[in-house]
Amino acid sequence: MEDRLVVDTSALLYWPLTELNGAIIVQSQVKELERHSPARAEMVEAVGVIISEPTVDSISSASMAAMETGDMGGLSVTDLHLVAMAYERNCVLVTDDYRMQNLSERMGVRWRSVDSDGISEFWIWRLKCVGCGREFDSPESPTNKKGILGECIDCGSDLKLKRG
């Protein structure tokens with residue numbers, strides 16, 4: 001029996017449509033795909049992708065693991081839900097996103113890349129001020145905007161994720 005796949009948006013955009021039949025996605029990806037390529041969105045829906053959402057428990061498990069690895073600050077809600085879905089359903093996650101791959105490693109979720117080599121080792125990330133160097137706990141929820149992690153409460157400088 002072939003492994004079930006949970007696929008990220010890059011797979012929806014670039015994989016052959018025949019590879020997507022039976023793949024699982026989350027609802028927020030439909031809107032994302034419609035923004036990037038309305039024609040592709042129509043084709044993807046026609047090939048039999050399964051649109052589903054992970055349970056609250058799976059999202060909670062993925063969130064706790066993402067806070068432990070420090071990946072939470074670099075994930076979107078969609079990213080977190082895709083990892084949670086792969087975890088919940090024991091599927092293979094298909095993504096080129098290194099943070100999603102890193103989180104998958106931590107959670108024991110099998111993954112494969114869309115079109116890259118993928119990560120070669122597991123990392124722990126720390127949220128660190130670029131000004132004074134103070135370290136902060138990982139955010140408790142995904143970011144709304146990539147790369148914007150807030151400001152240091154001590155000096156006002158930007159916070160960045162640094163390999164721990």
Side-chain angles (χ1 to χ4, degrees), residues 2-17 19-38 40-119 122-127 136-150 159-161:
E2 194 169 309
D3 288 323
R4 295 289 309 258
L5 303 177
V6 171
V7 298
D8 77 359
T9 306
S10 60
L12 293 176
L13 286 167
Y14 302 113
W15 263 17
L17 291 171
E19 296 287 319
L20 298 173
N21 185 21
I24 301 169
I25 65 172
V26 295
Q27 183 63 44
S28 57
Q29 287 176 279
V30 175
K31 291 178 177 73
E32 197 174 315
L33 191 57
E34 287 171 346
R35 268 194 328 270
H36 290 303
S37 176
R40 182 72 175 188
E42 286 181 23
M43 289 185 278
V44 164
E45 288 187 51
V47 299
V49 296
I50 299 163
I51 301 170
S52 187
E53 295 298 325
T55 63
V56 172
D57 287 343
S58 295
I59 295 168
S60 178
S61 294
S63 295
M64 288 178 16
M67 286 187 290
E68 290 171 9
T69 64
D71 286 306
M72 184 65 89
L75 296 171
S76 69
V77 172
T78 299
D79 296 341
L80 187 66
H81 285 198
L82 288 169
V83 175
M85 181 68 72
Y87 173 74
E88 175 182 318
R89 298 204 180 181
N90 193 28
C91 294
V92 175
L93 177 66
V94 180
T95 182
D96 280 341
D97 186 296
Y98 291 164
R99 293 208 185 279
M100 291 172 70
Q101 292 172 3
N102 198 59
L103 179 56
S104 294
E105 284 287 322
R106 173 71 170 93
M107 296 182 70
V109 172
R110 296 168 295 146
W111 61 269
R112 72 185 230 208
S113 294
V114 176
D115 191 39
S116 72
D117 291 337
I119 62 171
F122 173 77
W123 289 359
I124 297 289
W125 296 93
R126 303 283 181 237
L127 192 58
F136 294 87
D137 290 336
S138 176
E140 294 182 6
S141 59
T143 58
N144 291 330
K145 297 180 181 176
K146 292 269 187 197
I148 299 176
L149 299 170
L159 299 178
K160 299 287 182 190
L161 287 172

Please list every donor-acceptor pair under 3.5 Å in which a side-chain atom of residues 63-70 meets a protein atom from a residue at least two apart or in another chain.
| unit_1 | atom_1 | unit_2 | atom_2 | d |
| --- | --- | --- | --- | --- |
| S63 | OG | I59 | O | 2.9 |
| E68 | OE1 | R106 | NE | 3.3 |
| E68 | OE1 | R106 | NH2 | 2.2 |
| T69 | OG1 | A65 | O | 3.4 |
| T69 | OG1 | A66 | O | 3.3 |
| T69 | OG1 | D71 | N | 3.2 |
| T69 | OG1 | D71 | OD2 | 2.7 |

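- The minimum heavy-atom distance linking I119 with Q101 is given by the pair N-OE1, 2.8 Å.
- D96 places no side-chain N or O within 3.5 Å of a backbone atom of S113 that could act as its donor or acceptor partner.
- Residue G73 comes nearest to L149 through the heavy atom pair O-CD2, 3.0 Å, listed as atom of the first residue, atom of the second, then distance.
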Start with the C-alpha distance between Q29 and T78, add both sets of side-chain angles, then the distance that settles side-chain contact (heavy atoms from CB on, under 4.5 Å), and finish with yes or no.
CA-CA 7 Å; Q29 287 176 279; T78 299; 3.7 Å; yes
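- Within the structure, the salt bridge (Lys or Arg N to Asp or Glu O under 4.0 Å) test picks out no pair touching residues 46-67 (sequence neighbours left out).
- At a threshold of 4.5 Å between non-hydrogen side-chain atoms, the residues R110 and N90 count as touching.
- One finds the CG atom of L127 at 8.5 Å from the CG atom of D137 (value rounded to the nearest 0.5 Å).
- Contact between C91 and I24 at its shortest, heavy atoms only, is SG-CD1, 4.0 Å.
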Check against side chain to side chain donor-acceptor pair (under 3.5 Å), R89 and S52:
CA-CA 11 Å; R89 298 204 180 181; S52 187; 2.7 Å; yes
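- Checked by atom type, the side-chain pair D8/S10 shows a donor-acceptor distance below 3.5 Å.
- The side-chain hydrogen bond (donor to acceptor under 3.5 Å, both in side chains) search around R126 returns none, not counting sequence neighbours.
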Set out, in order, the CA-CA distance, both residues' side-chain angles and the distance that settles side-chain contact (heavy atoms from CB on, under 4.5 Å) for R4 and V92, then state yes or no.
CA-CA 6 Å; R4 295 289 309 258; V92 175; over 6 Å; no
Let's go through E105 and W111 carefully: what are the C-alpha distance in whole Å and the side-chain angles of both, what is the deciding distance for side-chain contact (heavy atoms from CB on, under 4.5 Å) to 0.1 Å, and is it a yes or a no?
CA-CA 8 Å; E105 284 287 322; W111 61 269; 2.8 Å; yes
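- Between the R35 side chain and the V30 main chain, no donor and acceptor come within less than 3.5 Å of each other.
- Partners of T55 by side-chain hydrogen bond (donor to acceptor under 3.5 Å, both in side chains), not counting sequence neighbours, listed by chain and number: S58, E88.
- Across every non-hydrogen atom of Y98 and S116, the tightest pair is CE2-OG, 4.4 Å.
- Here S37 pairs with nothing under the side-chain hydrogen bond (donor to acceptor under 3.5 Å, both in side chains) rule; sequence neighbours left out.
- Scored by the side-chain hydrogen bond (donor to acceptor under 3.5 Å, both in side chains) test, S104 finds no partners at all (sequence neighbours excluded).
- In this structure, the side chains of H81 and S28 stay at 4.5 Å or more apart for every pair of heavy atoms.
- Using a 4.5 Å heavy-atom cutoff, the side chains of I25 and I50 are not in contact.
- Between R40 and L17 the shortest side-chain heavy-atom distance falls below 4.5 Å.
- Surrounding OH of Y14 are at most 12 heavy atoms belonging to other residues, nucleotides or ligands under 6.0 Å away.
- A salt bridge does not link D79 with R99: none of the charged nitrogens is closer than 4.0 Å to a carboxylate oxygen.
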Check the pair M107, L103 against side-chain contact (heavy atoms from CB on, under 4.5 Å), reporting the backbone distance first and the verdict last.
CA-CA 6 Å; M107 296 182 70; L103 179 56; 4.0 Å; yes
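- In terms of heavy atoms, L20 sits closest to A11 at CD2-O, 4.0 Å.
- Counting all heavy atoms, side chain and backbone alike, L5 lies closest to W15 at CD1-CZ3, 3.9 Å.
- For the pair M100/L75, a side-chain contact is recorded, criterion being any heavy-atom separation below 4.5 Å from C-beta on.
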